[in-house]
Amino acid sequence: MAESVKLVANNKKAYHEYFILEKFETGISLAGTEVKSIRMGKCSVKESYVEIRGGEVWILGMNISPYEKGNIFNKDPLRPRKLLMHKYEIDKLNGKIREKGLTIVPLRVYLKGSLVKVEIGLARGKKLYDKRADIAKKDMKREAERDFKVRNFG
């Protein structure tokens, strides 16, 4: 049985700023009102980052808007949240980020069945000329698609 995957938040900025070397699917430790808020799509990972502290993986700066009907049960929207991973995955990530220039960035938040999942990526920062090359490629692709569309429907 295929599980449904519903995208809640995407971090397009991460793909522009970094080369994504490896991706990991993680669970996230949340309060009940935070889950309800995520189901309504009120979540942002644009300014967030991932850190390993004391053998645990934490996501910081992830904004989950307070649930309207949550009153006293609502938590701080920007509080640090623990990501759930196996110990060997955490050790592997920890070893990799000790290398120069590697970091961990959240890529997207999605619902997989009834669970909230966060996809994180092991990333290396892009230089300015890499970003310019990517923008040039996108422009060329867009132009080619436009020409194709004009030729076929013109």
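Quick note: residue numbers are just sequence positions, from 1.
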A.B. asks: Inspect the surroundings of OH in Tyr18 and state if more than 12 heavy atoms from other residues, nucleotides or ligands are less than 6.0 Å away.
C.D. replies: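 Count not over threshold, so no.
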
A.B. asks: Quick check: are there more than 12 heavy atoms from other residues, nucleotides or ligands sitting under 6.0 Å from CD of Glu89?
C.D. replies: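 Yes, enclosed.
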
A.B. asks: Measuring from Ile38:CD1 to Leu30:CG, what's the distance to the nearest 0.5 Å?
C.D. replies: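 Those atoms lie 4.5 Å apart.
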
A.B. asks: Apply side chain to side chain contact (heavy atoms under 4.5 Å, CB included) to the pair Leu84 and Ile28, showing each step before the final yes or no.
C.D. replies: CA-CA 6 Å; Leu84 309 172; Ile28 184 167; 5.9 Å; no

A.B. asks: Would you check, one step at a time, whether the test side chain to side chain contact (heavy atoms under 4.5 Å, CB included) holds for Leu107 with Lys23?
C.D. replies: CA-CA 9 Å; Leu107 301 174; Lys23 294 179 182 179; 3.9 Å; yes

A.B. asks: For Arg39 and Ser114, indicate whether the former's side chain and the latter's backbone hold a donor-acceptor pair under 3.5 Å.
C.D. replies: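 At least one qualifying donor-acceptor pair exists.
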
A.B. asks: To the nearest 0.5 Å, tell me how far Ser37 OG sits from Lys42 NZ.
C.D. replies: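 Answer for the OG-NZ pair, Ser37 versus Lys42, is 6.5 Å.
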
A.B. asks: Linking I/L/V/M/F/W/Y whenever their side-chain heavy atoms sit closer than 4.5 Å, directly or via other members, would Val105 and Ile97 fall into one cluster?
C.D. replies: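 Per the 4.5 Å side-chain linkage, Val105 and Ile97 are not co-clustered.
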
A.B. asks: Output, in order, the C-alpha distance, side-chain angles, deciding distance and verdict of side chain to side chain contact (heavy atoms under 4.5 Å, CB included) for Met85 and Ile120.
C.D. replies: CA-CA 11 Å; Met85 296 177 77; Ile120 61 174; 4.0 Å; yes

A.B. asks: Under the 3.5 angstrom rule, does the side chain of Thr26 hit a backbone N or O of Val118 as a donor-acceptor pair?
C.D. replies: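 Yes; at least one donor-acceptor contact below 3.5 Å.
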
A.B. asks: Kindly compute the distance separating OH (Tyr49) from CD1 (Ile104), expressed to the nearest 0.5 Å.
C.D. replies: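 It is 12.5 Å, given to the nearest 0.5 Å.
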
A.B. asks: Strictly below 4.0 Å, N to O, side chains only: are Lys92 and Glu22 in salt-bridge contact?
C.D. replies: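 Glu22 and Lys92: salt-bridged.
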
A.B. asks: Met62 and side-chain contact (heavy atoms from CB on, under 4.5 Å): which single residue from Cys43, Ser44, Pro106, Pro80 fits?
C.D. replies: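 That would be Cys43.
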
A.B. asks: Identify the two heavy atoms, one from Ala123 and one from Ile20, that lie closest to each other, and give their separation to 0.1 Å.
C.D. replies: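 Closest heavy-atom pair between Ala123 and Ile20: CB-CD1, 4.0 Å.
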
A.B. asks: Locate the shortest heavy-atom distance separating Leu102 from Lys96; write the atom from each residue and the value.
C.D. replies: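 Scanning both residues completely, I find the closest heavy atoms to be CD1-O, 3.2 Å.
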
A.B. asks: Could you tell me whether a side-chain N or O of Glu56 sits under 3.5 Å from a main-chain N or O of Arg53, the two making a donor and an acceptor?
C.D. replies: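 Here the side-chain-to-backbone pair does not exist.
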
A.B. asks: Hey, what do you get for OH (Tyr110) to CD (Glu119), rounding to the nearest 0.5 Å?
C.D. replies: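 Rounded to the nearest 0.5 Å, the OH-CD separation comes to 5.5 Å.
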
A.B. asks: Please round to the nearest 0.5 Å and tell me the distance separating atom NZ of Lys46 and atom CG of Asn11.
C.D. replies: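 Lys46 atom NZ to Asn11 atom CG measures 8.0 Å (nearest 0.5 Å).
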
A.B. asks: Check Val45 against Val109 and note the closest heavy-atom contact, atom names and distance.
C.D. replies: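 Taking every non-hydrogen atom into account, CG1-CG2, 3.5 Å.
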
A.B. asks: Count the heavy atoms of every other residue, nucleotide or ligand shown that sit under 6.0 Å from NZ of Lys36, and state whether that count exceeds 12.
C.D. replies: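 Not buried by this count: 12 neighbours or fewer within 6.0 Å.
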
A.B. asks: Once you round to the nearest 0.5 Å, how far does CZ of Arg124 lie from CG of Leu122?
C.D. replies: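 One finds 8.5 Å between CZ of Arg124 and CG of Leu122.
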
A.B. asks: Provide the closest heavy-atom pair for Leu60 versus Glu51 in the form atom of the first, atom of the second, distance.
C.D. replies: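 That would be CD1-CB, 3.6 Å.
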
A.B. asks: Could you go through Arg108 and Leu7, starting from their C-alpha distance and side-chain angles, then the distance that decides it, and tell me whether this counts as side chain to side chain contact (heavy atoms under 4.5 Å, CB included)?
C.D. replies: CA-CA 8 Å; Arg108 61 190 186 126; Leu7 185 66; 3.8 Å; yes

